[in-house]
Structures are given as structure tokens and as C-alpha cells.
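Accompanying notes for the structure given below.
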Amino acid sequence: MPELPEVETTVLDLNRFVGLYIRSIKLNRNNLRYPIPKNITIITKKSKIQSINRIGKYIIINLNNLFSLIIHLGMSGRIKSYEFKDLNYREKHDHVEIFLTKDKKITFNDPRRFGIFDIIKTEKIPNSKYFNKLGLDPFDKKFSKDYLHKKMCKSSASIKSLLLNQKIISGIGNIYACEILFDCKISPLKTGKNISNKQYLLLFKSIKKILKLAIKNKGSSLKDYKSIDGILGNYQNNFLVYNKKSIKMKRNNKIAKIIKINQGNRSTYYCPTIQK
DNA sequence: CCATTAACCTGACAGC
DNA sequence: TGCTGTCAGGTTAATG
């Protein structure tokens, strides 16, 4: 489900809990995509939430005891806030419950269980299995047109799969890859080495533009994704190609077809008339 | 190096 | 009301 904008929206919402202490963590199952470390309950007890940030699609909750919780939402994961509810109340698929001071509770809910819930030493984050091969986040200061060019220009893979490759850029998923490529009018079938220098600049700009706009709209809600308070994102109303059949061209008001193809077992939506 | 396939899961939806 | 098949914001391992 969630791509960078949805994860970012989650992190922004979670920031209200910075400064609170973890009273206890309750595990309602011992694994998601990976096993959840058993000692997570002991390590986190009475620790303070110092800061919360995001790298790619990962949420990082830094505690004041030199450890950090690492969370990935997978396809259907969501962090839910139970601020004004009975602390004993939980819903189906609330696999992890985090009880906080001030009688707050947040849970990790994930029907399909492709998500990750882990804890590692904060200083070991960059060298951990989650981050040691991860490409730059699009909002990292080092992320540039030249970085994109360097990583992609020799590749014979399609630009769509390059955008989805988290080892190159971290955070873009299937929806935003389609929307970004439409925005810069590049065909998803084009290979990295067949894209011009000028197009790399356009691609770079579209990545930032589309992701920023989506964050501004609090992400996209198709079925699973909602904010931690259950509020829907809005960006799905701005999709131009994803899940669409056609688009009205600005140039001449004519209708252009949008087609759905398969690339690496994922659906790609694009407009062959506009994207070259 | 790259594409393809399958695998990990549940739930929603279409069609019969 | 079923049942069946398909599809889904992700990632990874195996195979050719």
C-alpha cells in the first residue's frame, strides 16, 4: 500500500507522540514479514520517544535508550492511534500495541502482514540490513539529477522498474512511479540508457513535484490507507493515469487513451500518445 | 545485468 | 448466498 507520501503523512501525525514514554509494548503475534524480536518489550519499557523520522518507506522511532524501532508498512500496514478510546479496545490485525504515557495507545495494524516491526541500535541503522543497500530518499539533500543520471543511464532496465528499485531511490512505489512518468511525459517502457540528459532533469523535477503534491494532500487512499486517526488522503483524486481509462489532453481537448500493461508483475498505467 | 515467476498474506470485488 | 478467480500503495529469492 503505502509509498513515500503515505509514510511521510504517518510520520508527521506520529510526531505528536514525541516526548511521551513507552509504558509497554504488547505483541499479539510473534512475526510479520520477519520475526518480531521477543525482547522488544523489555528493551522499550520506560523508554522515551525522542524523535520520529522516515527514510524511504521506513518509519524510524528513536528512543532515548540508544535503540530505534524500525517499521515498514508493507502493502496493507497502518499505524493507528487510539487516543480517546478504551485502552483494552483493539481491532482485527492490530498485531502490535504500544501503550504510551498520558493514556495514549498506538497500534501496528496489517492485514496482509508484509510489514516489518523491528528494533535495532540507533547507531547501527545505516549498516543494518534495511538501510545498507537502500538508495537515496528523494528528499535527501544529496538526491539530484546527476545522482539519477549516474545510477540509471547505463541500465537496460525499463525506467518504470528503475523507479521502483529501492536500491536506486527509496520511497517510490507503483502508483507514484506511473504518475511521475506521466508528469514528465516519459514512456515507462523506455530503458535507462535511452533516456536523454534533458529527460533526466525532467524526471528529477517530476519526482519531487508529484511526491510533494501527494504529501500536501496527505497521501492517497484506495482501500487500506488512512492516517493514524482514520482520515483519508486526497491525492487519489489527482491521479491522471493510475487506474484511469483516458485523459483529456490540454493541447487540443481531445481524449487520449490510457493503457494498462504489465511490467515485472506490476500494473503500469500510461498514455502512449503523450508519453514517449 | 535483467526479466520473469513465485512466494509471503488477507480482503474486496466481479461473475457465475 | 455461496463459490471461484483476480487483483491490490511491497519486497525478496530463485531461475533462465
Side-chain angles (χ1 to χ4, degrees), chain A residues 1-11 28-36 54-59 70-79 91-95 108-118 128-135 138 151-182 188-194 207 210-211 213-215 217-227 232-244 260-269:
Chain A
M1 139 241 153
E3 306 181 34
L4 186 152
E6 291 76 31
V7 179
E8 178 69 13
T9 303
T10 301
V11 167
N28 295 321
R29 64 156 35 239
N30 55 25
N31 71 301
L32 295 162
R33 182 141 69 87
Y34 302 118
I36 305 173
R54 176 193 64 72
I55 300 176
K57 296 173 192 169
Y58 290 88
I59 297 167
I70 306 294
I71 300 171
H72 191 293
L73 302 176
M75 279 287 257
S76 56
R78 181 153 92 84
I79 293 180
E91 290 173 350
K92 203 175 180 185
H93 308 301
D94 277 340
H95 305 306
F108 182 84
N109 184 288
D110 186 7
R112 293 179 73 180
R113 308 204 301 270
F114 293 160
I116 296 166
F117 198 91
D118 203 351
S128 67
K129 64 173 173 181
Y130 304 120
F131 299 99
N132 64 358
K133 287 174 190 156
L134 202 65
K151 289 278 183 183
M152 295 179 167
C153 72
K154 285 178 186 157
S155 174
S156 54
S158 73
I159 188 62
K160 166 76 182 315
S161 60
L162 291 172
L163 283 179
L164 289 180
N165 186 343
Q166 306 295 301
K167 289 170 188 156
I168 299 177
I169 320 171
S170 56
I172 298 174
N174 201 42
I175 290 181
Y176 295 109
C178 294
E179 295 297 324
I180 286 164
L181 287 172
F182 177 77
L189 296 167
K190 222 159 181 198
T191 59
K193 58 184 173 192
N194 283 327
I207 290 170
I210 298 292
L211 295 177
L213 207 57
I215 292 168
N217 281 273
K218 299 195 178 299
S220 307
S221 295
L222 294 190
K223 34 182 136 171
D224 296 313
Y225 180 75
K226 291 173 186 167
S227 78
L232 298 175
N234 285 320
Y235 193 69
Q236 67 281 4
N237 301 321
N238 297 328
F239 290 170
L240 293 178
V241 286
Y242 188 82
N243 244 328
K244 300 287 179 183
K260 180 182 176 182
I261 59 171
N262 250 39
Q263 285 181 294
N265 255 354
R266 313 296 306 273
S267 296
T268 298
Y269 293 83

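Quick note on labels: first sequence line is chain A, next is B, and so on, each numbered from 1.
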Practice item. Between dC9(B) and dC3(C), how far apart are the P atoms? Round to whole Å, please. Key: 23 Å

Point to revise | Phosphate OP1/OP2 of dG10(C) contacted by Arg266(A) side-chain N/O (<4.0 Å) | key: yes

Check your understanding: For the residue pair Tyr130(A) and Tyr34(A), does the interplanar ring angle fall in the parallel (under 30°), tilted (30 to 60°) or perpendicular (over 60°) class?
Key -> tilted

**Study point:** Donor-acceptor under 3.5 Å (Lys218(A) side chain, Pro5(A) main chain)
**Key:** no

Point to revise | Out of dG11(B), dC9(B), dG10(C), whichever nucleotide has its closest atom nearest the side chain of Lys57(A) | key: dG10(C)

Review point. Phosphate oxygens OP1/OP2 of dG11(B): is one of them under 4.0 Å from a side-chain N or O of Lys92(A)?
Key: yes

Check your understanding: Is there a side-chain polar atom (N or O) of Ser76(A) under 4.0 Å from OP1 or OP2 of dG10(C)?
Key -> no

Point to revise | Identified pairing partner of dC9(B), criterion: Watson-Crick or G-U wobble below 3.5 Å | key: none

**Study point:** Nearest listed nucleotide, side chain of Ser267(A), among dA3(B), dT11(C), dA8(C)
**Key:** dA8(C)

Practice item. Give a yes/no on whether any side-chain N or O of Ser155(A) is located under 4.0 angstrom from OP1 or OP2 of dC1(B). Key: no

Check your understanding: Do Glu6(A) and Tyr176(A) have side-chain atoms, one donor and one acceptor, less than 3.5 Å apart?
Key -> yes

**Study point:** OP1 or OP2 of dT11(C) under 4.0 Å from side-chain N/O of Gln166(A)
**Key:** yes

Check your understanding: Heavy atoms under 4.0 Å, any strand shown: does Gln263(A) hit a base, just sugar-phosphate, or nothing?
Key -> nothing

**Study point:** Side chain Arg33(A), main chain Arg113(A), donor-acceptor under 3.5 Å
**Key:** no

Check your understanding: If you measure only the distance, is there a donor-acceptor pair under 3.5 Å linking the side chains of Lys160(A) and Asn174(A)?
Key -> yes

Check your understanding: What distance, rounded to whole Å, do you find between the two P atoms, one in dA6(B) and one in dT6(C)?
Key -> 13 Å

Study note, to complete from the structure: Quick note, Arg112(A) side chain, CB onward, closest among dC9(B), dA3(B), dT12(C) is dC9(B)

Check your understanding: Under 4.0 angstrom, heavy atoms only, what part of the nucleic acid is Ser156(A) near: base, sugar-phosphate, or nothing?
Key -> sugar-phosphate

Check your understanding: Hey, is Phe114(A) doing a stacking thing with dC8(B), by the 5.5 Å centroid and 30° angle criteria?
Key -> yes

Review point. Is any side-chain N or O of His93(A) closer than 4.0 Å to OP1 or OP2 of dC9(B)?
Key: no

Review point. Hey, does the side chain of His72(A) come within less than 4.0 Å of dT11(C)'s phosphate (OP1/OP2), counting only N and O?
Key: yes

Check your understanding: Quick one: is dT10(B) close enough that its OP1 or OP2 comes under 4.0 Å of any side-chain N or O from Arg113(A)?
Key -> yes

Point to revise | Under 4.0 angstrom between Lys260(A) side-chain N/O and dC7(C) OP1 or OP2 | key: no

Exercise for review: Using a 4.0 Å heavy-atom cut-off across all strands, classify Asn265(A) as base, sugar-phosphate, or nothing.
Suggested key: base

